[in-house]
Structure formats: structure tokens, C-alpha cells
Amino acid sequence: SVSLKERLAELIPAEIENVKAARAEHGKKAFGPVVVDQLYGGMRGLPALIWDGSVLDAEEGIRFRGKTIPECQALLPKAPGGSEPLPEGLFWLLVTGEVPTQEQVTELSKDWAARSAIPEFVEEILDRCPPTLHPMSQFSLAVTALNHDSAFAKAYQSGVSKREYWGPTFEDSMDLIAKLPNIAGRIYRNVFGQGKLPVVDPSKDYSHNLATLLGFGDNNGFVELLRLYLTIHSDHEGGNVSAHTGKLVGSALSDPFLAYGAALNGLAGPLHGLANQEVLIWLRKMQSKIGEDASDEAVKEYIWSTLKGGQVVPGYGHAVLRKTDPRYTAQREFALKHLPDDKLFKLVGQIYNLVPDILLEAGKAKNPWPNVDAHSGVLLTYYGLDQMQFYTVLFGVSRAFGVAAQLIWDRALGAPLERPKSYSTAAIQKIFKDK
Ligand code: NMX
Ligand code: MLT
């Protein structure tokens, strides 16, 4: 079938059996001890969630349904004349575990275009936001407000059976993804004064339409960049702040709009998605302090001054990864192909050669290598999207793909309310008093 919903309906019964079998065989097996430091230490390494779309290996980086980024670039359908994967294909892969055909992907592009309009009252909410309100706050407001028309919330109120939860969750998830370009485009134009919003063209792919809404639809390089960008930012297993928040809030049977609005508020933090904005601010400050063609010595000194000032080097380090993020590498390869002589790209390359040794010498960060955010802003800046306060919104458009895919499966598989156990320090001291 070219319909994602029909394909899902075929896959769900077998997956329910698969999960039953996995639980019957492995349900009582331990992953190893939980140590008290994990409770104080942000739960690093604690096996705690099921997330089917992707798994992150500390050394190798992300695999989407078992496929690396280069494999996805090779296998997923492309736009006519394009060479980057279409994020529509990645969504199909995340949801079904299957590489889609060109026809299946074209159907998704059309379906999303047909669902793309946002209610007038949401447009008004955005139009009334002061331009000084951060684009991420506006984004989360608008996504939360989409709950007004949630198919899941309506179905729940009218007493839908648990077995049917996935259907309206699917509809909401598709609506959510489809409406994000119009929300993002409106925020961009309202905040940065870039003219009137055009309409979505059902004959164009999702990234092309998003580029058009932002005012860059005629720029093929930018459209290709968005295809790659939306593909690689979509999912990073389940434990990252935005994905986990979406899953947690969804577990209360809050609909996908409420769940994803919450996820966006997590993505808006500087240690998570906002780091892409912070990288550009940091690079620009560096350039204004030490010039555009600074020596390695001057750049090193600037990096040290950041650390000595008690700040993090944005775009470096990771809670799980211990090597260069393959999403960084994919963007570096894009830059080598399309903007090899760009000054800011060269600075990013220069920093890549210097930061890891400095972080190692400083001796705190467990991972001295760059993550996805170290590179994305430079590419957007090159094509003229140089308003860094907007960068995390684009990350947020993409991350919806991964969160939505899991929300659909959580409802299809009857995932329960999330409610882990917490302890006070006094309780820990009492429990381990004589141990
Ligand atoms: N610059 C300076 N110090 C760092 C950095 C960095 N890039 N990364 C880690 N550290 C410090 C960290 O602050 C901590 O210090 P302290 O003991 O004083 O609290 C120490 O090294 C140990 O931290 P780790 O265990 O290595 O890192 P953790 O898992 O706690 O945090 C990040 C991971 C990503 C929050 C952290 O590496 C960081 O703050 N990086 C910069 C911000 C960033 O790029 N975030 C984007 C992540 C990707 N994303 O899109 O979400
Ligand atoms: C992400 O893409 O979510 C980030 O790399 C953060 C993470 O995985 O923890």
C-alpha cells in the first residue's frame, strides 16, 4: 500500500505478539545493578525506556531502525534532481522499519501538504506574540494550542477503546508534522520581518515547502540542506530530553500536541537543542574578539577563556556519545561539497582540530568530540538564514518525526503510564546505613 496508515495497521498485530514474546523470554532478566550515583547523576546509562525508531551507540552514533546515516543517505528516496534523502522517507522508516518506495514517499508529501494549514486562532496567537518572545516559546505555544482539534482527545472523550488508541494518535501525529512548517514559517516571518507567508504547494516535498515558507524556496542548495537537516535531527533514541519528555507526557494519554509541546520546551534548553543557537553566538563573539582569520593560538586562548569563565564549549560533549557525532560528519561532508571556502565553515574546522585536546586537558568532559549542534548553524548561515534564535525551531520541526513515530507505537502497544520511583537523600542514607 502507498498509505502509511494501512501499512501500520498490517504491522501492529505482529508487533504486539513480538513484544509479548520478548517479555515472556526476557521480562525477568536484569540489566545489571543500579548504583546510587545514577540517581544523582542524571540517570546516565540507566536502561529505562523502550524506543523503537533508533538506538544510539556511544562509539558509532545513531542508527535509524538499524541503519546508519550514510546508509539512509544511500537508501532513502530523493527528490527529482536531489541527492539528499527526503525526511518523508525517514519518517516511514522510523514508523515501519521499512525503506519506503518513491510512491510511498510522494504520498506522504501530498498528505502532509493537505494537512498543513493551521487554525486561524493559532495564527492569531502567533501574530500577537511580541517579537522579543523567543521563537521556541512561540513554537511550543502554537503546538500546544493545536490540541484544540486533537482527534485523540476527542476520541478519548467519546469513550474509544484502548485497542483503538493508535488510530487517532496517528492522525494527530500526521497533523502535527504537517502543520509545523506553517507554524515555523509564521514565527520566522513575524519575528524577523520577512514578508508575507506563501501557501504550501502539494506538488512539492515537505522540505521544499518549509524552505518556501521561510522565504528560501528558490534556493536549491538550501532545500537540499533542509532535507538532510530534517533527516538527521529527527531521532536520537529515547533518553534525550525532548524525546523522553514527549514519551513521558504522552504516557498520561495527553495527545500528541500536548506531548510534543512539552518536548519542545525541553529542546529549548541550552544543554540540549538550543546549543545550535549558542554555537553561532559563540562563534560570532569569537570572530568579533579575535578577527575572522585568527591564528590557532588566538582561537585556543578564546576556548580556554570560555572554560575559565565557567561556561561550556557549545556543540561539544555528549551524554552518551564518546566519538564525533556522525550527524556532525554528515554536515561537514555537505559543507565540503557545497561551501568548502566559507570562512565560518573553516573556523568550525579549525575549532574541531583544537577543542578536543583542550577539553581533554581541562579533564572534565567525558566526551571531547563535537555533536550535531557544532555544525548546523554554519550551514544555515551560509544560505542566508543567519538569525540564530531561530535555529532550534528547525531542530524542533525535525524531532517531531522521531517523537511522533514512538507515540504511535506506544499507543498501539498499550504502553503504560510512566512513573519511576524517586528517593530523598534521607531515604538513601537510611536504606544504606549499615550496608
Ligand atoms: N564544555 C565544557 N565543559 C563540558 C563540556 C563542554 N562542551 N561538556 C561537558 N563538560 C563538563 C560538564 O559541564 C561537567 O562539568 P561539572 O562536573 O562541573 O558539572 C563535566 O564536564 C562532566 O560532564 P559529562 O559527563 O561529560 O557531560 P554530561 O553527560 O553531564 O552532559 C552535555 C552532556 C551535552 C550537556 C555537555 O557535554 C555539554 O554541556 N555540552 C555543551 C552543550 C551542548 O553542546 N549541548 C548539545 C547536546 C546535543 N543536543 O543537541 O542536545
Ligand atoms: C539529541 O539529538 O537529542 C542530542 O544529541 C542529545 C541526546 O541524545 O542526549
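One-based numbering, in listed order, for ligands and for the atoms of each.
- Considering backbone and side-chain N/O atoms, F395 never comes within less than 3.5 Å of an N/O atom of ligand 1.
- Between F334 and Y382, the ring centre distance reaches or exceeds 6.0 Å.
- Note: an N/O pair closer than 3.5 Å links G315 and ligand 1 by distance alone.
- Aromatic ring centres of Y352 and Y328: separated by under 6.0 Å.
- Closest protein heavy atom to atom 33 (C) of ligand 1: A319 N, 3.6 Å.
- For ligand 2, residues of the protein lying within 4.0 angstrom by heavy-atom distance are H236, N240, H272, H318, R327, F395, R399.
- With a heavy-atom cut-off of 4.0 Å, N371 touches ligand 1 through its side chain alone.
- Ring to ring, Y316 and W282 are not that close: their centroids are 6.0 angstrom or more apart.
- Atom 40 (N) of ligand 1 has its closest protein heavy atom at Y316 O, 2.8 Å.
- Atoms of ligand 1 found under 4.0 Å from any heavy atom of H318 (numbered from 1 in listed order, with element): 33 (C), 34 (C), 37 (O).
- Separation of the F139 and H134 ring centroids does not fall under the 6.0 Å cut-off.
- Under 4.0 angstrom from ligand 1, there are no non-hydrogen atoms of N276.
- E88 and S109 share a donor-acceptor pair across their side chains, judged by distance under 3.5 Å alone.
- Protein heavy atom closest to atom 50 (O) of ligand 1, with residue, atom name and distance, is D373 OD2, 2.5 Å.
- Nearest protein heavy-atom contact of atom 39 (O) of ligand 1 is L271 CD2, 3.3 Å.
- With 3.5 Å as the limit, one finds a donor-acceptor pair spanning the side chains of N18 and E15.
- Using a 4.0 Å cut-off between heavy atoms, A365 contacts ligand 1 through both its backbone and its side chain.
- Inside a 4.0 Å radius of atom 14 (C) of ligand 1 there is not any protein heavy atom.
- Protein heavy atom in closest approach to atom 3 (N) of ligand 1: V312 CG1, 3.9 Å.
- Donor-acceptor pairing under 3.5 Å is recorded for the side chains of Y40 and T425.
- Residue contacts with ligand 1: E278 is excluded, as none of its non-hydrogen atoms falls under 4.0 Å.
- Where the criterion is an N or O separation shorter than 3.5 Å, residue side chain and backbone included, R44 meets it with respect to ligand 1.
- For V279, no heavy-atom contact with ligand 1 is shorter than 4.0 Å.
- Given atom 16 (P) of ligand 1, the protein heavy atom at minimum distance is K364 NZ, 3.8 Å.
- Among protein heavy atoms, the minimum distance from atom 6 (C) of ligand 1 is reached at V313 N, 3.7 Å.
- In this structure, atom 25 (O) of ligand 1 lies nearest to the protein heavy atom K366 NZ, 2.8 Å.
- Considering backbone and side-chain atoms together, V372 places no N or O closer than 3.5 Å to any N or O of ligand 1.
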